[in-house]
Amino acid sequence: RMVLMNGEFIPREQAKVDIEDRGYQFGDGIYEVIRVYNGKMFMAKEHLERLSASSEKIGIAISYSISELTTLLEELIAKNSLSTGIIYMQFTRGVSPRNHSYPTEAVTPTFVAYTKMLNRPLDNLENGVSTITVEDIRWSRCDIKSLNLLGNVMAKQKATEADCYESIQYRELSVTEGSSSNIWIVNGEKIQTHEANQFILNGITRQKIIQLCGENGIEVEEKAFSIEDLIDADEVFLSSTTSEVTPIVSVNNVPVKEGKVGEMTKKLQNLFVEAIISECGQ
Ligand code: PLP
């Protein structure tokens with residue numbers, strides 16, 4: 001298995017990180033996960049633009065252009081003969097003696113990317129998943145796709161311990177997002193999700209769903225909703241790169257409606273699959 005490290009393709013076993021890498025010591029870096037279907041990246045441009053936006057927000061200078069990164073990632077897919085899976089990629093601020101402030105000397109960011117085989121989650125897509133609600137204890141710059149994921153990790157662990165797939169986080173009275181997904185409710189013909197501000201990551205899947213709704217006359221409201229709204233909703237689903245449009249059939253052990261996958265969720269799943277096929281083929 002080949003990985004990409006600082007622009008070079010090397011065997012996985014040879015990829016090593018310095019103990020004074022700021023990603024390792026501070027979580028000082030940013031990342032992306034890109035879906036690969038049929039050997040082709042889905043929404044690569046949007047992911048790489050978000051990566052670039054995240055890097056600017058924390059002052060990491062990435063020396064590769066989006067088109068250079070795209071070429072490198074395509075080579076990585078080819079070298080590993082990846083058909084269906086993901087690319088994980090990250091940039092850290094680089095290696096420097098430990099000091100909280102950004103290094104004053106120029107340091108080269110550490111860049112790593114690798115592929116992983118991962119099938120589409122067909123069982124979850126068809127039958128839905130269970131969730132719990134947990135308090136959102138994270139910082140107020142969740143718009144940055146930062147390597148600092150301890151809040152998300154702790155939220156996901158609570159879900160795992162409750163035999164659930166995902167934790168739905170809330171901040172005071174508002175549902176923000178999942179530990180690694182965006183959360184949506186459906187009422188009648190209208191769908192709703194938290195506005196894209198500093199309290200959520202503006203998911204690429206979220207953006208695609210909003211675009212598809214626009215093209216298909218489905219009303220979307222980007223506005224926070226409460227846990228009550230969540231529990232009373234006709235349908236609930238989550239979205240992410242790896243999970244696509246996954247129905248949520250229970251929250252805190254209470255079924256959403258009758259615990260069945262809703263019609264609007266199915267409709268959005270179909271639109272999403274069409275979008276995948278039109279970009280990546282069948
Ligand atoms: N919110 C968080 C906290 C995430 O970690 C993720 C992705 O894993 C998402 C939302 C969904 O984003 P995307 O659709 O770009 O994968």
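Residues take their numbers from the sequence shown, with the count starting at 1. Quantities reported herein were computed from a predicted structural model and do not represent experimental measurements. Start at 1 and go down the list; that is how both ligands and their atoms are numbered.
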Any nitrogen or oxygen of Glu177, side chain or backbone, less than 3.5 Å from one on ligand 1? yes
Looking at ligand 1, would Glu32 count as a contact under a 4.0 Å heavy-atom criterion? no
Check contact between Lys145 and ligand 1, using heavy atoms of the residue and a distance below 4.0 angstrom. yes
Listed by chain and number, what are the ring-ring contact (aromatic ring centres under 6.0 Å, His included) partners of Tyr31, not counting sequence neighbours? Tyr88
Suppose I only count heavy atoms of Thr205 and a 4.0 Å limit; which atoms of ligand 1 are within that range? 13 (P), 14 (O)
Ser240-ligand 1 polar pair, N/O distance under 3.5 Å: no
Residue pair Met41 / Thr70, side-chain heavy-atom distance below 4.5 Å: yes
Short list, please: which atoms of ligand 1 are under 4.0 Å from a heavy atom of Thr241? 13 (P), 14 (O), 15 (O), 16 (O)
Does an N or O anywhere in Ile204 fall below 3.5 Å from an N or O of ligand 1? yes
Just distances here: any N/O of Ser239 and N/O of ligand 1 closer than 3.5 Å? no
Going only through I, L, V, M, F, W and Y residues with side-chain contacts under 4.5 Å, is there a path from Val220 to Ile183? no
Do other residues, nucleotides or ligands put more than 12 heavy atoms under 6.0 Å from Arg141 CZ? yes
Considering only the protein, which heavy-atom contact is closest to atom 8 (O) of ligand 1, and what is its distance? Ser180 O, 3.4 Å
I'd like to check which ligand 1 atoms, numbered from 1 as shown, lie under 4.0 Å from a non-hydrogen atom of Asn182. 10 (C), 11 (C)
Inspect the contact between Glu177 and Arg138 and indicate whether a charged nitrogen and a carboxylate oxygen are less than 4.0 angstrom apart. yes
When only distance counts, is Asn202 in polar contact with ligand 1, meaning an N/O pair under 3.5 Å? no
Does even one non-hydrogen atom of Ser179 get within less than 4.0 Å of ligand 1? yes
Shared hydrophobic cluster, Leu73 / Ile86 (ILVMFWY, side-chain heavy atoms < 4.5 Å): no
What distance separates Ile204 CD1 from Ile34 CD1, expressed to the nearest 0.5 Å? 9.0 Å
Gly203 heavy atoms, cut-off 4.0 Å: which ligand 1 atoms fall inside? 12 (O), 13 (P), 14 (O), 15 (O)
Trp184 reachable from Leu268 in the ILVMFWY side-chain graph, under 4.5 Å edges: yes
Please work out whether any backbone atom (N, CA, C, O) or any side-chain heavy atom from C-beta onward of Asn152 is under 4.0 Å from ligand 1, and answer side chain, backbone, both or neither. side chain
Transitively linked via ILVMFWY side-chain contacts under 4.5 Å: Ile62 with Ile144? yes
